[in-house]
There are 2 protein chains.
Amino acid sequence: MSSSEEYDAAAISSALPAELATAVSAPAHLPEATVRRLTTYLRVLDQLVDEQATVSSQDLATFAGTNSATLRKDMSLLGTFGRRGVGYDVQRVRVLLETTLGLTREWRVLLVGAGNLGRAFAGYAGFRSHGFRFVGVIDSNPELVGTTINDLEVSAASDLEALATKHRANMAVLTVPGVAAQPVVDQLVAAGVHNILSFAPVPLRVPDGVTVRRVDVAREIQMLAYFAVMGEASDGT
Amino acid sequence: MSSSEEYDAAAISSALPAELATAVSAPAHLPEATVRRLTTYLRVLDQLVDEQATVSSQDLATFAGTNSATLRKDMSLLGTFGRRGVGYDVQRVRVLLETTLGLTREWRVLLVGAGNLGRAFAGYAGFRSHGFRFVGVIDSNPELVGTTINDLEVSAASDLEALATKHRANMAVLTVPGVAAQPVVDQLVAAGVHNILSFAPVPLRVPDGVTVRRVDVAREIQMLAYFAVMGEASDGT
DNA sequence: CAATGTGAACAAGTTCACAGCG
DNA sequence: CGCTGTGAACTTGTTCACATTG
């Protein structure tokens, strides 16, 4: 369903010996829990890369807030080879994780919703460094059209398809109110944007071949409330 | 470690027959996955309450994006009694969920970080309706101090403890940059705020008795990238 | 000999399928 | 008869413990 995409896997690893990038195994189906942790490992490694050449499962796990057994199992799923008695090569694992996570491609992101949440997202550091590039911003509020966010001019809702096509957007971030979410998703899908991160608190219907991920911040504060009450209860016991 | 909190469990259910609130069982340790779904059920029920008195596990599950077996198991953990052949009483389950999740208490929330993300969060609809009330906003940027967000005046960082104490804040939302997060957490804990929702992309150290929940939006777009690539791959097969 | 890689035990979460009840 | 409640099967994820290796 999705059209063929140009690969750009060597972009980041180009500064490194070719051997490093070659170690990458076929990115088989990884458990979601593992993928979540890989993103954390990557962030830690990004900081570590200037400080040390090698890192033990123990240390990396601690920095990432997990335990060494979990980390080693995660790594083994990537078919990686640490050195026994030594640990993992920081740079090598970094490249491996970037490639595995799909962060060496160029993700041309369309931001739909230029409210506070959209602006927060656009301003977030670290996106550009991992393959994400905002190519356009859309908002239905005429007052916002023409203003700029992060050097990007806000476009009208009617320009969605044209903008997506022009910049060959292959990802969208949705920060619109719940009621607006489904119609926007339909437009995005029609415009060929098949990967969507939504912050709207509603389930979204999409055809096969479209990947949607939802983040629900309101849910998180409610879950905190539950665990807060639990925490108190077990405190006294 | 945390001080005793006044219960206010009857606040929302006060408009209902007392019998409804009485059906509430001891909120035993619920699986995190169940808690996550409960928040979704509640949102659906909030919309359904004006339309129908009763709902089947099948229907509620569909609206919530899950299946009826999961929903019934979740409900059974709450010790709820649906009516066989009929379904669940919408109002009754709504009250049950609110109570279970701890949303009938008054959560006096301190917002630390008045940037875009903080403003987005403060403006989020639905908080007030579920027990959350922002009692103060803090930011370290002097230019923001004195401006207002959602009718609340932004206070200086040095006022954190005084503000927390004055309003008896029992929850905080952290929307500060990563490097600032740990120091702020330490201040919050010292000020007696023992429940924290953090958007900073760093693990936080807190003493026992403090509940922290972390939301990492940068992680979500990276996970989307992974699943996007996966989706393409399995498309062709 | 320090630290990986992994089978096996364990724990958590989901789905099935059906008995039982209103 | 329709729909709940739940044991049991199953799937997914985590932790243990130890053989293995540079």
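First the proteins, then the strands, lettered A, B, ... as listed; each starts at 1.
- Between A/T70 and D/dT15 there is a side-chain polar atom (N or O) within less than 4.0 angstrom of OP1 or OP2.
- Within residues 41-57 of chain A, no residue has a heavy atom under 4.0 Å from DNA chain D.
- At distances below 3.5 Å, not a single donor-acceptor pair connects side-chain atoms of A/T211 with backbone N or O atoms of A/N195.
- Residue A/L97 comes nearest to A/L38 through the heavy atom pair CD2-CD2, 3.7 Å, listed as atom of the first residue, atom of the second, then distance.
- The pair A/R213-A/E32 meets the salt-bridge criterion, since a charged nitrogen lies less than 4.0 angstrom from a carboxylate oxygen.
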Report summary line: Going 5' to 3' through nucleotides 16-22 of chain D and flagging B where a protein heavy-atom sits under 4.0 Å of the base, S where only the sugar-phosphate is that close, and - otherwise, we get BB-BBBB
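- Rounded to whole Å, the distance from CG on A/D74 to P on D/dG13 is 11 Å.
- Looking at A/Y226, its side chain does come within 3.5 Å of a backbone N or O of B/L30 through a donor-acceptor pair.
- If you measure from atom CG of A/D59 to atom P of C/dA3, you get 8 Å, rounded to the nearest angstrom.
- For A/V176 against A/A200, the heavy-atom pair with the smallest separation is O-CB, 3.7 Å.
- For the pair A/L78 CG and C/dT6 C1', the interatomic distance rounds to 15 Å; values are reported in whole Å.
- Distance B/L77 CG to D/dT6 P: 10 Å, rounded to the nearest Å.
- With A/T39 contributing its side chain and B/R219 its backbone, the two residues share no donor-acceptor pair below 3.5 Å.
- Using a 30° and 60° split on the angle between ring planes, A/W107 and A/F132 fall in the parallel class, below 30°.
- Considering only side-chain N and O atoms, B/R37 lies under 4.0 angstrom from the phosphate OP1 or OP2 of C/dT14.
- Applying the salt bridge (Lys or Arg N to Asp or Glu O under 4.0 Å) test to A/R37 and every residue at least two apart in sequence or in another chain returns A/D74.
- In this structure, B/E32 places its CD atom 11 Å from P of C/dT14, rounding to the nearest Å.
- Between A/Q52 and A/V90 the shortest heavy-atom distance is O-CG2, 3.5 Å.
- Regarding contacts with the backbone of D/dG5, a side-chain N or O of B/Y88 is found under 4.0 angstrom from either OP1 or OP2.
- Across the protein-nucleic acid pair, B/R92 atom CZ and D/dT4 atom C1' stand 14 Å apart, rounded to whole Å.
- When rounded to the nearest whole Å, the span between CG of B/L60 and P of D/dG5 equals 12 Å.
- Atom-to-atom, CD of A/Q58 to P of C/dT4 comes out at 9 Å; the value is rounded to the nearest Å.
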